[in-house]
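This is a predicted model, so every value here is computed, not measured. Indexing begins at 1, ligand by ligand and atom by atom, following the structure's order.
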Amino acid sequence: MWRVARSAASTFRRTRRLSTAISAPCIVHKRGADILHDPWFNKDTGFPMTERDRLGLRGLLPPRVISFEQQYDRFMESFRSLEKNTEGQPESVVSLAKWRILNRLHDRNETLYYRVLIDNIKDFAPIIYTPTVGLVCQNYSGLFRRPRGMYFSAKDKGEMMSMIFNWPSTQVDMIVLTDGSRILGLGDLGVQGIGIPIGKLDMYVAAAGINPQRVLPVMLDVGTNNQKLLEDPLYLGLRQPRLEGEEYLSIVDEFVEAVHARWPKAVVQFEDFQAKWAFETLDRYRKKFCMFNDDIQGTAGVALAGLLGTVRAQGRPLTDFANQKIVVVGAGSAGLGVLKMALQAVSRMAGPSADPHFFLLDKNGLITKDRKDIDPAALPFAKAHHEIEGLGLQEGAGLAEVVKKVKPHVLLGLSGVGGIFHEEVLRAMKESDSVRPAIFAMSNPTNNAECCPVDAFKLAGEDIVFASGSPFANVDLGNGKIGHVNQANNMYLFPGIGLGALLSGARNISDTMLEAAAECLASYMSDDEINRGILYPSIDDIRDITAEVGAAVLRAAVAEDLAEGHGDVGVRELQHMSKEETIEHVRENMWYPVYGPLVHE
Ligand SMILES: NC(=O)C1=CN([C@@H]2O[C@H](COP(=O)(O)OP(=O)(O)OC[C@H]3O[C@@H](n4cnc5c(N)ncnc54)[C@H](O)[C@@H]3O)[C@@H](O)[C@H]2O)C=CC1
Ligand SMILES: CC(=O)C(=O)O
Ligand SMILES: [Mg+2]
């Protein structure tokens with residue numbers, strides 16, 4: 001069950017390993033300029049003379065050989081000068097300029113790109129991931145220079161089984177798939193949503209050490225209902241309304257079959273699908289192959305780990321989670337996923353007859369059993385009349401009224417609506433029944449956060465525990481005190497879920513595996529950190545936490561008899577590994593960017 005222990009010290013913390021680390025030779029089927037134009041193999045000026053001779057590169061590069069470390073420093077220098085030169089310019093201009101310089105490196109030399117990303121993950125995650133990735137998706141058609149990933153459109157019906165063989169890599173381990181229908185809190189962005197699978201897979205490479213030659217970002221373009229995009233002459237996607245019903249599902253089915261025909265053991269992460277398709281596809285496929293929905297399941301685990309942290313921050317035993325009053329704002333894929341997992345945790349702690357104190361609101365206010373046309377997925381969390389009449393609440397009550405009357409321990413936003421935790425709501429949280437009220441403004445990107453931390457600490461009090469989905473700076477509370485800002489983002493779990501599923505060779509991803517991931521994250525923080533309001537590890541430790549989460553998921557898959565083994569490591573071997581050996585096994589399987597010798601075949 002839920003433990004509270006500090007894990008072994010980080011071994012991955014901001015290590016700049018020697019570029020001379022020994023790496024197995026890599027076979028290339030190209031020569032000359034073709035290699036320079038292939039970011040998987042390109043080393044730019046870093047090709048040693050022997051390799052230049054071997055691969056027909058002599059004369060195609062300036063004569064001096066530059067070391068990997070020099071190339072690294074040169075890139076970081078240009079990045080820092082860009083920061084300096086763009087000082088004072090609007091934030092969106094600066095963010096896009098930073099994204100461009102990183103993207104150019106990504107397009108040119110993946111080894112160097114992933115090395116700078118891993119070593120500077122805290123600075124670069126906000127560029128390749130939320131919030132800047134949202135801006136990139138919004139401007140995708142204008143920013144487009146060259147494709148990345150694969151695009152399957154409604155016009156490709158009947159062709160996908162052969163199209164999948166157009167992907168140049170022989171092996172794919174990890175796929176992130178979107179239909180672009182709900183990109184962060186930015187709505188339907190159609191084909192432009194491809195930026196999200198790309199950003200998520202960058203996090204897979206950086207955090208989980210998945211080999212970048214084995215990842216595949218995928219856009220399933222079934223049209224868009226975004227009128228502005230349909231009218232934009234530069235829009236790069238299908239100019240038609242979204243497919244619905246069976247027509248829609250037949251496209252997803254065909255894609256899924258094609259993927260599994262070519263790579264039967266690939267793990268598929270569904271990302272940023274609108275709620276109805278997020279739930280429907282999860283139900284449809286989760287027992288059939290190794291997939292999960294990050295917004296429903298990854299978010300749930302991260303939120304639950306944070307919620308358990310807030311119980312500890314109140315100085316209460318974890319079992320007190322069953323008594324926490326939690327108001328969740330947003331009844332979509334993320335909000336419902338969180339409540340479902342929280343309900344399972346309460347049932348485990350207090351028994352199946354437990355009566356959790358959850359309150360759920362959507363755009364029409366408090367959801368009760370009186371709601372007409374209630375979403376069946378929200379029904380288990382809808383309040384009965386007798387549960388709220390004592391509080392003077394009724395169907396559709398507004399957020400401020402609910403917070404004033406419930407005095408919740410936790411206010412958690414997954415609504416996608418920026419600023420919805422306004423002054424009246426935040427002041428009401430000051431009257432919470434908790435000694436450390438918790439405010440989770442989890443919507444992305446930054447402008448869609450339900451509130452900003454400065455307002456939260458100012459209006460709800462300095463004792464709050466605060467988390468947001470996108471990164472914000474800590475708040476200076478004066479008198480030398482700091483209001484800690486946590487980043488409650490599924491990035492702490494999805495890389496470990498995917499990696500653990502992959503290395504176990506799991507047939508599918510069970511609730512037990514997901515619970516193991518959440519439990520691992522929850523138990524990662526020390527009491528001292530929790531008391532200081534720190535609920536999640538620093539993103540600098542993302543490889544370390546991912547190794548532990550991956551091992552927890554792998555062990556859960558083995559224990560549940562879902563594992564089939566991976567590569568030359570069979571189930572029996574996995575079964576005999578201790579917890580520490582499993583963590584080590586996961587670490588050893590993480591790819592790390594170094595220039596290995598290239599051999600032409
Ligand atoms: N921090 C994290 O790791 C994650 C954050 N998110 C964020 O959560 C947000 C929602 O995502 P989904 O649940 O997938 O979206 P969704 O579209 O499925 O659900 C949004 C929900 O918010 C409700 N809502 C809209 N306006 C509201 C209002 N004024 N008051 C109360 N409720 C309102 C809607 O009725 C709906 O129930 C997005 O901004 C997304 O970026 C999602 C997944 C992970
Ligand atoms: C973080 C994430 O998955 C989202 O905002 O949709
Ligand atoms: Mg998402």
Please say whether D272 places an N or O atom under 3.5 Å from an N or O atom belonging to ligand 2. yes

With respect to the Mg ion (ligand 3), what is the nearest N, O or S atom of E271? OE2

For the residue pair K200 and Y129, would you count it as a cation-pi contact if the rule is NZ or CZ under 6.0 angstrom from the ring centre and within 45 degrees of the ring axis? no

When distances are taken from atom 44 (C) of ligand 1, the protein heavy atom at minimum range is T299 OG1, 3.0 Å

Hey, is T130 one of the residues with a heavy atom under 4.0 angstrom from ligand 2? no

Any nitrogen or oxygen of N489, side chain or backbone, less than 3.5 Å from one on ligand 2? no

Which heavy atom of the protein is the closest neighbour of atom 37 (O) of ligand 1, given with residue, atom name and distance? A331 N, 2.8 Å

For A334, take its heavy atoms, then give the atoms of ligand 1 lying under 4.0 Å from any of them. 12 (P), 13 (O), 14 (O), 42 (C), 43 (C)

Would K200 count as a contact of ligand 2 if the rule is a heavy atom under 4.0 Å away? yes

The angle formed at the Mg ion (ligand 3) by OD1 of D295 and OD1 of D272 is about (to 10 degrees) 90°

Got the closest protein heavy atom to atom 5 (O) of ligand 2, with its distance? N444 ND2, 2.8 Å

Counting non-hydrogen protein atoms only, what is the nearest one to atom 15 (O) of ligand 1? Give residue, atom name and distance. R182 NE, 3.6 Å

Between the candidates G413, G335, G185, G134, which shows the shortest non-hydrogen contact distance to atom 39 (O) of ligand 1? G185

Answer yes or no for Y129: is there a heavy-atom contact with ligand 2 below 4.0 Å? yes

So, 4.0 Å and heavy atoms of M491: is ligand 2 close enough to count as a contact? no

List the closest protein heavy-atom neighbour of atom 35 (O) of ligand 1: residue, atom name, distance to the nearest 0.1 Å. K363 N, 3.2 Å

Report the nearest protein non-hydrogen atom to atom 20 (C) of ligand 1: residue, atom name, distance rounded to 0.1 Å. S415 O, 3.9 Å

